[in-house]
Structure formats: structure tokens, C-alpha cells
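Down below is the structure, laid out as C-alpha cells.
Chain identifiers are assigned alphabetically (A, B, ...) following the order of the sequence lines, protein sequences preceding nucleic acid strands; residue numbering begins at 1 within each chain. Model, not experiment: these values are computed from the prediction.
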Protein chains: 2
Amino acid sequence: MLDLGVLGERVQELRAERGLTLQELADRSSVSVSMLSSVERAAKAPTVTVLSRIADGLGVPLAKLVTEPAQDRVIVRRAADQDVSDHPGGWRRTILSPVVPGVNVELLRTELPPGCDAGDFPAYASGSHEYVVVQEGTLVLTVDEQRLTLTAGDSAYFAADVVHGFANPGPEPCSYYITALIMRPRGGGPTRP
Amino acid sequence: MLDLGVLGERVQELRAERGLTLQELADRSSVSVSMLSSVERAAKAPTVTVLSRIADGLGVPLAKLVTEPAQDRVIVRRAADQDVSDHPGGWRRTILSPVVPGVNVELLRTELPPGCDAGDFPAYASGSHEYVVVQEGTLVLTVDEQRLTLTAGDSAYFAADVVHGFANPGPEPCSYYITALIMRPRGGGPTRP
DNA sequence: GATGCAGTTCTCCTATAGCGAAACGGAGGG
DNA sequence: CCCTCCGTTTCGCTATAGGAGAACTGCATC
């Protein structure tokens with residue numbers, strides 16, 4: 001259940017960060033000063049439309065105002081304990097991120113031998129996205145019919161709600177890191193193939 | 001700006017997925033049938049409290065209902081364009097993640113010369129967390145008085161709401177990748193009388 | 001065609017979100 | 001001390017969110 005107090009604090013904090021007065025935020029967001037004050041003090045529950053305008057005025061996505069995360073301790077995985085999976089195509093994937101309840105982040109390292117195509121990955125749920133950074137070699141990234149060639153040091157971001165594939169067409173091995181934030185449709189489907 | 005039509009469709013879709021009737025969802029969410037119908041048809045704009053109850057009834061986080069699917073395409077940063085910052089201590093940090101509105105993820109690569117201590121980083125807001133994977137060399141990770149030695153291939157996860165530091169005590173260079181999910185600070189403000 | 005039933009929409013009515021403007025309170029400045 | 005400025009809170013008033021139940025719709029079965 002949403003805590004209006006937390007919501008109010010969050011709005012106030014974001015406004016303070018930007019050095020805005022109630023009046024200035026009111027102008028930016030087309031929400032009255034009095035309403036803003038009420039929301040910050042949790043005196044009233046704004047409608048989604050009003051809260052959306054407030055989020056716009058603050059320059060943050062609406063979701064930012066209503067999500068609250070969890071926290072944990074330090075978890076280490078030694079190189080020897082890493083979860084390495086060798087695939088039929090000859091490529092190898094290492095899942096570097098420990099499983100943390102409530103956090104849908106995965107940090108992966110993938111090694112593609114020369115000429116190897118790791119194939120296509122399905123479109124994940126809406127809202128999923130991935131960061132890629134190439135460590136060495138050449139990576140051809142395919143995102144929804146769009147092909148991109150990345151070399152060592154290049155990084156890329158894409159929304160992973162479309163089909164996407166990875167291939168190494170070059171004569172040298174390719175390795176790259178992926179940070180994936182995967183939204184899961186309810187029912188707890190399997191993790192990345 | 002939030003589109004009530006989209007919101008309504010989303011609620012209806014989620015309800016259909018679960019095979020719930022308006023009445024059943026009303027019972028689960030403590031929101032009247034008529035209000036649910038109005039929201040689905042975008043006839044009324046619910047308050048955040050009501051929408052939060054609806055989200056609970058559907059078993060999805062509130063943010064799920066208000067996040068608009070990223071319509072972004074691929075964003076690439078070439079190695080030559082990377083945002084590299086050299087620090088006084090002799091270490092170098094490369095910010096690999098393009099700035100994506102609404103996503104508070106950072107993907108970084110850091111290079112520490114032999115014997116270099118990058119110093120301490122402050123405690124971030126509660127809920128922040130980081131993944132670290134060592135590419136080469138030896139990294140001493142300090143998290144809230146706890147010291148850990150990581151070598152190539154090791155990865156670690158920790159909640160970043162405490163002071164944490166990175167150092168390379170070895171005779172060889174050390175490089176590592178960090179995926180950071182940083183939450184906005186909040187709650188530090190003074191309470192009004 | 002009538003009857004029953006499950007799901008959805010419409011019809012009031014009350015509580016409150018939301019706005020404009022006035023009132024309040026603190027930090028300088030005279 | 002008194003005034004002025006600036007930001008915040010409070011005060012009425014209006015529009016609308018929200019609840020309870022009636023009315024409608026579609027689809028079976030008799």
C-alpha cells in the first residue's frame with residue numbers, strides 16, 4: 001500500500017534538489033501551489049493526473065514517485081563459483097549477479113568465439129532494458145531489425161521489449177558485459193535463456 | 001503526461017489476464033465496482049491511493065500501472081565518445097551508460113593503477129545497490145567497515161546505503177565494472193511543526 | 001419468449017481533490 | 001521596532017472522485 005507520507009517527502013526532496021519553490025513548481029507542473037503543499041504534507045491524495053503533472057514538472061517519471069525498493073547486504077561470488085553456462089553454438093555466458101530477492105537486475109559476461117552467433121533472444125516484458133559494453137572484439141547487436149556493430153569500449157542501451165540478438169562476425173573472440181533489468185510478467189517465468 | 005486511456009487499458013488487460021471480474025477485483029482491492037469501471041474506461045482519474053489499492057488487488061506494483069513502455073530505440077556510445085574522467089588519485093572512471101530518462105542505472109568501468117586507492121564514496125539513499133565485477137587485477141572493496149578482496153572474475157553485490165570504497169593494493173593495474181542503481185535521497189529533511 | 005444470472009454501466013449522492021486568494025511567518029532592511 | 005518580500009499554509013468554493021445500488025446487456029436454459 002502506498003504511503004502518502006513517503007510520497008510527500010519524495011516530492012519535497014526532489015523539489016529541494018532542484019531549488020524550486022512551490023510557486024515555481026506550480027508553474028512548471030500546472031498544479032496549484034496549495035495542492036502541491038497538500039501533497040507534500042500528505043494532507044490530500046492527488047489524482048494520478050495531477051501526480052503525473054507534478055512528476056513532469058520535476059522532470060522525473062511518474063513511476064519514480066511511487067516505487068520503493070528493498071535493501072540487502074554484501075553478497076560475493078568468487079570466480080570459481082560463477083555460474084558459467086556453455087551453449088551449443090560454442091559461446092559461453094557467465095551470470096555475475098547474485099540472485100537478490102526483489103531486484104530484477106542481472107549482470108552477465110558473454111564470450112563469443114570468432115564467427116559465432118548467439119542467436120536471437122525473445123522480446124521481454126514491456127519496461128525491460130539492457131546495457132551492453134564490449135570488452136574486446138567486435139559485436140553485432142541486432143535490435144528489432146536494426147543492426148549495430150560495436151567494438152571494444154563501445155556501449156549501448158536498448159529497450160529489451162523486442163527481439164534482440166548477439167553475434168561475433170569477426171576473426172577474433174568477442175567478450176562483452178550486459179546489465180539487464182528484466183520485467184517479469186506475473187507467474188515467475190524462467191530467467192534469461 | 002499520463003494517458004488515462006492507456007492506464008485504463010492496462011488495468012483491464014491485467015484483470016483479464018487474471019480472469020477476474022470487476023466484482024472480484026473490487027473485493028480484492030477495496031475499490032467499488034463503479035470506480036473500477038470508470039478507471040478502465042478512463043471516465044475518471046483515480047487518486048493515487050485508489051490506484052494503489054487497485055495495483056494491490058491485481059498483485060502488481062503501482063509503478064507497473066503508470067510506467068509508459070520505453071519507446072526508445074538503441075542508444076550507442078562509441079569508445080571515442082565515452083565520458084572519461086581522470087581523478088586526482090590517478091584512477092580513471094568511464095561512464096558507459098547513456099543517460100536515459102527515467103532510468104537510474106549507471107554502468108561504469110574504473111581503472112585503478114597499482115597501489116591506487118580511489119577513496120570512499122558516501123552512503124547513497126536507502127535502496128541503492130551496486131554490482132561489481134573485476135576484469136583484471138586485485139580490488140579491495142570496503143563496505144561499511146567490511147573489507148573484501150576480489151580478483152579477476154569475482155563479482156559482488158552490496159547495498160550502497162553505507163560508505164564504500166575501492167582500492168588496488170596490488171602491483172598490477174586493476175579494472176572493474178560497476179552497475180549501480182542509485183535511489184534519490186529522501187527523508188533527511190526537517191519536519192515542519 | 002420468458003426467466004435467471006453474471007457482468008457491466010448508469011444514476012444519484014457524499015466526501016474530497018483542486019483552485020484562487022487571503023492569511024501567516026520568518027529573514028533582512030530601514 | 002515596523003515594514004517589505006518571499007515562501008508556505010489556510011480558507012472558501014467548485015468540480016469531481018468515489019461508493020451503493022439500480023438499470024441495462026448478453027447469454028444461456030426452460
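In this structure, A:E40 pairs ionically with A:R15, as a charged nitrogen and a carboxylate oxygen lie closer than 4.0 Å.
D:dC11 atom P lies 12 Å from atom NZ of A:K44, rounded to whole Å. In this structure, B:I54 atom CD1 and D:dG19 atom P are separated by 9 Å, rounded to whole Å. As a whole-Å value, the separation of B:L36 CG from C:dC10 P is 15 Å. The nearest whole Å value for the distance from the CG atom in B:D27 to the C1' atom in C:dT8 is 15 Å. Atom CE of A:M35 is separated from atom P of D:dT14 by 19 Å (rounded to the nearest Å).
In this model, the phosphate group of D:dT8 is approached by a side-chain N or O of A:R15 to a distance below 4.0 Å at OP1 or OP2. In this model, the phosphate group of C:dG18 is not approached by any side-chain N or O of A:S34 to a distance below 4.0 Å at OP1 or OP2. Checking the phosphate oxygens (OP1, OP2) of D:dA17, no side-chain nitrogen or oxygen of B:R53 falls inside 4.0 Å. One finds no side-chain N or O of A:T47 lying less than 4.0 angstrom from the OP1 or OP2 phosphate oxygen of C:dA17. Taking side-chain N and O atoms only, B:R41 has a distance below 4.0 Å to OP1 or OP2 of C:dC10.
Contact detail for A:L65 and A:A55: the closest heavy-atom pair is CD1-CB, 3.8 Å.
In this structure, of C:dG18, C:dT8, D:dT9, it is C:dT8 that holds the atom nearest to the side chain of B:L22. Here the side chain of A:S32 is nearest to one of C:dC19, D:dT8, D:dG19, namely C:dC19.
Residue contacts shown for A:V31 are limited to sugar-phosphate atoms, with no base heavy atom under 4.0 Å away.
Under the 4.5 Å side-chain heavy-atom criterion for ILVMFWY residues, no single connected hydrophobic cluster contains both B:Y177 and B:V140.
Residue-to-nucleotide proximity on DNA chain C shows that, of B:E40 and A:L51, the 5′-proximal contact is made by B:E40.
Between A:Y176 and A:F166, the ring planes lie parallel to each other; the angle is under 30°, not in the 30° to 60° tilted range.
Counting heavy atoms from C-beta on, the side chains of A:T151 and A:V134 never come closer than 4.5 Å.
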